[in-house]
Amino acid sequence: MSPTPVIIAIDGRSGAGKTTLAIELAARLREHHKVSLFHLEDIYPGWNGLVTGVERYISTVLAPLRRGESAEWVSWDWDMHYDGSLRVTQPAEIVIMEGVGAASAGARPMLDAVIWMEASDEDRRTRALHRDGSSYEPYWDTWAVQEQEWLDADNVAGNADVVVLNNDNDNAPDDVMQAMKYIPGLAPVLIPELLARSGLQLRSERIEASPDAADLYRELFANARNAVWLDSSNADTGSSAEQVPGYAAGNTAADGAAERSRFSVLADDGGTFGQSVRHSSGTTHVTAGCATVSLEGPFFRWLESVWGRRAVKAPRGYACQFTLGWLGYLGYELKRETGGNDVLAETPDAALIFAGRAVVIDHHDGAVWLLALEAPDADAWLGRARQAVRSAAGRNDESLPTGTGEADLAPGLPLRFTSTDSEASYKGKIAQAQHEIAEGNSYEVCLTTTLRAEDPGIDPWGSYLALRRRNPAPFASYLRLGGVTVASTSPERFLRIASNGSMRAEPIKGTRRRATDPGEDERLRHELESSAKDRAENIMIVDLLRNDLSHFAVPGSVTVSRLCAIESYATVHQMVSTVDAQLRPGAPRAEAVAAAFPAGSMTGAPKISSMDILDRLEDGPRGVYSGAIGYFSLNAATDLAVVIRTLVINSEGGGPGTLTLGVGGAITSDSEPHEEYEEIRTKAFGVLSALGAEFPAG
């Protein structure tokens, strides 16, 4: 008896491409493994024998192979329409079962992985008849009825580990190989393939150029379904600290903002290594080309499995921490994994892309870096990116085209938003939060509400351009992830972990509006700077973050390098602090991110009890808002912003989409309800004014 094999079933309706995929997978796997391949068409007893054939397959083929024994089975003679010869299938390190019913309910307990193939009815019929000729044509409908009756009672596709949308473009075998590497049951046997994935080679080019970032994004990624632009929109081309809003000589707050505004990253999920990930309520779906693998379990556990090790080295002279990897957002409802309650969101709890190629703009040096993992398509992409940089270079700035107004970029406006809370109900919730504080259940509760509008057909791209012009910020971003578009002008860093393990969080607590009159503007800035209440809010969150970072920090390394500094942006003054620490060598980086998630500035303190209070006070999930946007790089670095000042356009599920804008503020025992309500109006102003909308009355 041989060692128990790993058994992979490839199932799907007739003509979906199962046989071709099985043969191609076997060829790839035989480079490192002994592989057996079994075709169920050899055992079906005739054109009416689907159910009987599957029963024979399970009992005479699958069961003995599962035990590591040889399988003796009787074939079917399709010419004589009778039982044929006795055959033997030997066990092997990997056994691939291919055919309709290979992953039926009776078989699944004996399988290590299930791959389901899908294709259109027309493609399936054409493919099947081309393969089997006229002998199959008279029986196509008879067989199709059997397939449908079987699938009506057995949801094979819903139980599959990998679903393949076979577009007949020859990419399926490579895409499925990418997807299978994520299946935990296959990991031990696929070690050679996993090692090949870790041997990545990074190619890079530095171009002396100052391209218009918006034009560059348009040229490279306008047609991509999934693309990310981490946009330092308050950094003019070749920016320095002096160009940051509110800069004054020696203003360390502005210097810090300039540092955060140095790089912009533009990427999609195309090319050889491109992948996308969506996580909702405990299930992670990873898509590589036409193949999607579904994995049960916590998101941060999955993230730890794909990120946190130094897979590539940064190019010489390259100052940015991003060296390709995962980019996108983590939604607030991931708090279920970090001590919060389980709340269902309207949008995915996390959405990321894996970028095997990207453009990084260094605004400080006036340079562009092209990055690509070594692959057969790397040369072609680098050439296209090089040309796009040249085309986008030479623009005077990154502003809107001359003569183009904001309304022109956001057709359908003005929008009419409604609020989850009226002014009276929001103030009532402030009172309830203060009651919880008085009872000792929290020191500070970061209460939020949601503004919502039905999408009249706005142009997301044009709206973002208007938004970044109206409200530039160091952590602005534009994410197009399937049916979810995120247009953010966040000024707040959630957490940075550099490749060398240095950690930094920069919480914002305390906001005042900007004024056009310089004297009034300075008065508002000074009012914030001297506010005992705002300082108390900020310091409470600093203490919370010191605790969050300490879980994985070198003892004694947690420091506060800035406390209650003032940074000024286009529409607001902000109070910002900086907390630094050093990650313990060998500490799990995804767990370090989880320990600080969600940002304390969006929950209050203590975090877990405050989140519980917020779930009772707020009517519904926050979704993307209050989560994090950024990257998880192949050199083990991450830089994430807090999702605030952010418009989310959700068109998933068909029908009219929705626009949402979350706003909120920290409630303490000293909070004045009228002032708190005015603060959320102030925070919403930058986004609403760019859209030509107003804060809802009442």
Residue pair D639 / R496: nearest heavy atoms and the distance that separates them: OD1-CB, 3.5 Å
Rounded distance [0.5 Å steps], CG in N171 versus CD in Q178: 11.0 Å
Expected output: side-chain S233 to main-chain A473 donor-acceptor under 3.5 Å: yes
Derivation and outcome, salt bridge (Lys or Arg N to Asp or Glu O under 4.0 Å), residues R225 and D268: CA-CA 8 Å; R225 175 172 169 78; D268 71 353; over 6 Å; no
Trace of the side-chain contact (heavy atoms from CB on, under 4.5 Å) decision for V359 with L216: CA-CA 9 Å; V359 177; L216 184 55; 3.7 Å; yes
S276 backbone acceptor or donor facing N226 side chain under 3.5 Å: no
R260/E506 ion pair, N-O < 4.0 Å: yes
Ion pair check, R390 and E219, cut-off under 4.0 Å: no
Smallest separation among heavy atoms of I644 and P491, with atom names: CD1-CD, 3.8 Å
Under 3.5 Å side-chain donor-acceptor pair for H285 and T292: no
Under 3.5 Å donor-acceptor, S264 side chain and I361 backbone: no
Residues in side-chain hydrogen bond (donor to acceptor under 3.5 Å, both in side chains) contact with R504, at least two apart in sequence or another chain: D580
Closest heavy-atom pair and its distance - S601, I508: CB-O, 3.8 Å
Side chain proximity check, D362 to C320, heavy atoms < 4.5 angstrom: no
Donor-acceptor pair, side chain of E567 and main chain of Q574, under 3.5 angstrom: no
Spacing of CD belonging to Q275 relative to CG belonging to D175, to within rounding of 0.5 Å: 9.0 Å
Student check: side-chain heavy atoms of R493 and L640 closer than 4.5 Å: no
Stepwise side-chain contact (heavy atoms from CB on, under 4.5 Å) check, V687 with T646: CA-CA 7 Å; V687 176; T646 298; over 6 Å; no
V572 and R645, any side-chain heavy atoms less than 4.5 Å apart: yes
Matching residue for V624 among V648, L647, T660 - test: side chain to side chain contact (heavy atoms under 4.5 Å, CB included): V648
Donor-acceptor side-chain pairing of S689 and R470 below 3.5 angstrom: yes
Chi angles and distances behind the side-chain contact (heavy atoms from CB on, under 4.5 Å) call for L481, V486: CA-CA 8 Å; L481 301 168; V486 181; 5.7 Å; no
Spatial distance of atom CG (L327) from atom CZ (F354) [nearest 0.5 Å]: 9.5 Å
Listed partners of Q201 passing side-chain hydrogen bond (donor to acceptor under 3.5 Å, both in side chains), at least two apart: none
Pairing of E333 and R622 as salt bridge, 4.0 angstrom limit: no
S490 side-chain N/O to E492 backbone N/O, donor-acceptor pair under 3.5 Å: yes
R589 side chain to W307 backbone, donor-acceptor under 3.5 Å: no
Backbone of Q582 reached by a side-chain donor or acceptor of S557 within 3.5 Å: yes
R278/D349 salt bridge by N-O under 4.0 Å criterion: no
Distance in Å, S488 OG paired with I629 CD1, rounded so as to fall on 0.5 Å steps: 4.5 Å
Distance in Å, R525 CZ paired with H573 NE2, rounded so as to fall on 0.5 Å steps: 7.5 Å
Within-4.5 Å side-chain heavy-atom neighbours: M503 and V558: no
Partners passing ring-ring contact (aromatic ring centres under 6.0 Å, His included) against F263 (at least two apart in sequence or in another chain): none
side-chain hydrogen bond (donor to acceptor under 3.5 Å, both in side chains) contacts in which one or both residues fall within residues 317-329, not counting sequence neighbours: T323-S633
side-chain hydrogen bond (donor to acceptor under 3.5 Å, both in side chains) partners for T272, two or more places apart: D377
Closest approach of Y332 to S626 (non-hydrogen atoms, all atoms of both residues): CD1-CB, 3.6 Å
Approximate separation, where rounding is to 0.5 Å, of L659 CG and N650 CG: 9.5 Å
P348 and E652, any side-chain heavy atoms less than 4.5 Å apart: yes
Beyond-backbone contact of L266 with L220, side-chain heavy atoms, under 4.5 angstrom: no
Minimum heavy-atom distance between P507 and N538, given as atom pair plus value: O-ND2, 4.1 Å
Candidate pair M602 and V642, rule side-chain contact (heavy atoms from CB on, under 4.5 Å), full reasoning: CA-CA 8 Å; M602 301 305 294; V642 179; 3.6 Å; yes
With sequence neighbours excluded, residues passing ring-ring contact (aromatic ring centres under 6.0 Å, His included) with Y217: F221, W229, W461, Y478
Heavy-atom neighbours of R301 CZ exceed 12 at 6.0 Å: no
Any donor-acceptor pair under 3.5 Å from D365 side chain to A367 backbone: no
Side chains of S477 and D231, donor plus acceptor under 3.5 Å: no
N-O pairing of R203 and D379 below 4.0 Å: yes
Closest heavy-atom pair and its distance - I497, A592: CD1-CB, 4.3 Å
Polar side-chain atom of T338 near backbone of F597 as donor-acceptor pair, under 3.5 Å: yes
Pairwise side-chain contact, T559 with V579, heavy-atom cut-off 4.5 Å (strictly under): no
Donor-acceptor side-chain pairing of S232 and S261 below 3.5 angstrom: no
S499 side chain to N635 backbone, donor-acceptor under 3.5 Å: yes
